[in-house]
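To start, the structure itself, in structure tokens.
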Amino acid sequence: MTDRPGFLEVLARVAPGTALRTAVERIVQQGNGALVVIGSDPEVEAVAFGGFILRDSPFTPARLAELAKMDGAIILDEEAQKILRANAHLLPDASIRTDETGARFRTSERMARMTDRPVLAISEERGQCFLFYGDRKHRLRTPSELLVRINQELQTLERFRRRVVEAEERLTRLEVNDQATLGDAISLLQRTELVRRIGDRVSRLAVDLGEEGQLASLQHGDLMMGVEELQNVLARDYLQENGDRGAELLRVLEARPLADLYDIDRLCTLLGFDDAGSAVRPMGHRLLAGMPGLAKYVRDALVEHFGDLGKIMMASVADLGTVDGASETLARALRRYLDQLRRTYRDSAS
């Protein structure tokens, strides 16, 4: 059996401009309803009764819209290139829980849960189409609705991205002045996680929008640039001492409900730390990552050699030059970079 596609992949197949979406729009315009199963296998066939089986019937939006004038379900092949059965009666497992009320929607949800196939349910009363896939239910919005929503989300993403920049600037001041606390680092990590979640919503909306979402995808990519790397270096700087579990703790953060992200003390507890106000010395990965041209392996060697950012900040050119991969030229450039950080941020912590 082939692997089932992910939700975003399925969503892209019914985005505006696709043949499936054109068929959905025609059915809605006709004032009809429909139930369309995308993909067939023995599990689907075992619960499909009646109707008629089609042989070598290519899928077209017009053909699907015509078949939707009958009450029964329509079954397409895996790639939605052929119509396999029309006017079928589906009897999925009635023990599968569903919160839907109408017969068509109850059947759609049960089929999606039972077979793990995408199912489209179109309501003639509401003139709307819903995609059921696994445990998910998603309303297919109109392009105009999506454009309004995605522009709102992009504005939110831009605003939160600025907050990340501000929080990172503040953390840099504190680190250079050896005044950083665990709470300061977790606060920045919290903001990057909020940006990541908003970015995920924008990404999904762009997929939902199809070709019209390309510009939004470009804006999304620009605003998200560097966020994942920032999360990683923050984890390496501040979370490594907790059993060297930085990456694992990021996954813990990702799984937490939104309410937890606004409570720094609770976040610290969830990540395995006792006191958000405790003074800490970062390892130095984040600040070293800001130096142009400094290879990651040299950065890692510097951190391993000196042990923390404070010692790196105090190191001489000669000391820096003893690290594997750090030539004399690189050591001098690194010392100039560290001195510039001092001049910019020394005694300006707030």
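Numbering starts at 1 and runs along the sequence shown. On a predicted model such as this, the values are computed, not experimentally measured, just so you know.
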For the hydrophobic clusters of this structure (ILVMFWY residues joined by side-chain heavy atoms under 4.5 Å, transitively), does one cluster hold both Leu253 and Leu182?
yes

Looking only at atom types and distance, does a side-chain atom of Arg63 sit under 3.5 Å from a main-chain N or O of Pro58, one as donor and one as acceptor?
yes

Do Glu145 and Arg139 meet the salt-bridge criterion of a basic N to acidic O distance under 4.0 Å?
yes

Treating Arg197 as the side-chain partner and Glu254 as the backbone partner, does any N or O pair qualify as donor plus acceptor under 3.5 Å?
yes

Main-chain N/O of Gly50 paired with Asn87 side-chain donor or acceptor, under 3.5 Å
no

Under a plain distance cut-off of 3.5 Å, with no hydrogens placed, do Arg343 and Gln340 share a side-chain donor-acceptor pair?
yes

In terms of heavy-atom contacts, Pro92 and Met111 come closest through CB-SD, 3.8 Å

Indicate, with yes or no, if Leu67 and Val24 share a hydrophobic cluster defined by side-chain heavy-atom contacts under 4.5 Å among Ile, Leu, Val, Met, Phe, Trp and Tyr.
yes

Hydrophobic cluster membership, Leu188 vs Ile198, 4.5 Å side-chain cutoff
yes

Examine distances only and state if a side-chain atom of His220 and a backbone atom of Gly199 form a donor-acceptor pair shorter than 3.5 Å.
yes

In terms of heavy-atom contacts, Ala65 and Arg26 come closest through CB-CB, 3.9 Å

Determine yes or no for a side-chain-to-main-chain donor-acceptor pair under 3.5 angstrom, with Arg106 supplying the side chain and Asp99 the backbone.
no

One thing to verify: whether Arg236 and Asp300 come together as a salt bridge, which I'm taking to mean a side-chain N less than 4.0 angstrom from a carboxylate O.
yes

Between Thr344 and Leu341, is there a donor-acceptor pair closer than 3.5 Å when you use the side chain of the first and the backbone of the second?
no

Please check: side-chain N/O of Arg204 versus main-chain N/O of Leu8, any donor-acceptor pairing under 3.5 Å?
no

Salt bridge Glu43-Arg117, side-chain N to carboxylate O under 4.0 Å
no

If only atom types and distance count, is the side chain of Asn32 paired as donor or acceptor with the main-chain N or O of Ile27 below 3.5 Å?
no

Does any non-hydrogen side-chain atom of Leu334 lie less than 4.5 Å from one of Leu288?
yes

Flag if over 12 foreign heavy atoms under 6.0 Å of CG, Asp263:
yes

Between Phe130 and Val36, is there a shared hydrophobic cluster once you connect ILVMFWY residues whose side-chain heavy atoms come closer than 4.5 Å?
no

Less than 6.0 angstrom from the centroid, inside 45 degrees of the normal: does Lys311 satisfy that with respect to the ring of Phe306?
no

Determine whether a donor-acceptor pair (N or O, by modelled atom type, separation under 3.5 Å) exists between the side chain of Thr107 and the backbone of Arg104.
no

Taking all non-hydrogen atoms of both residues into account, name the closest pair between Ile74 and Ile83 and its distance.
CG2-CG2, 3.9 Å

Please say yes or no: joined through hydrophobic side-chain contacts below 4.5 Å, possibly via intermediate residues, are Leu287 and Leu338 part of one cluster?
yes

Audit row: Arg113, Thr98, side-chain contact (heavy atoms from CB on, under 4.5 Å) steps and yes/no
CA-CA 10 Å; Arg113 288 175 179 268; Thr98 174; 5.8 Å; no

Does Leu267 offer a backbone N or O that forms a donor-acceptor pair with the side chain of Arg256 under 3.5 Å?
no

Go through the steps to decide whether Gln155 and Glu158 satisfy the test side-chain contact (heavy atoms from CB on, under 4.5 Å), and finish with yes or no.
CA-CA 5 Å; Gln155 290 173 10; Glu158 186 174 4; 5.6 Å; no

Phe105 six-ring face occupied by Arg126 cation (under 6.0 Å, within 45°):
yes

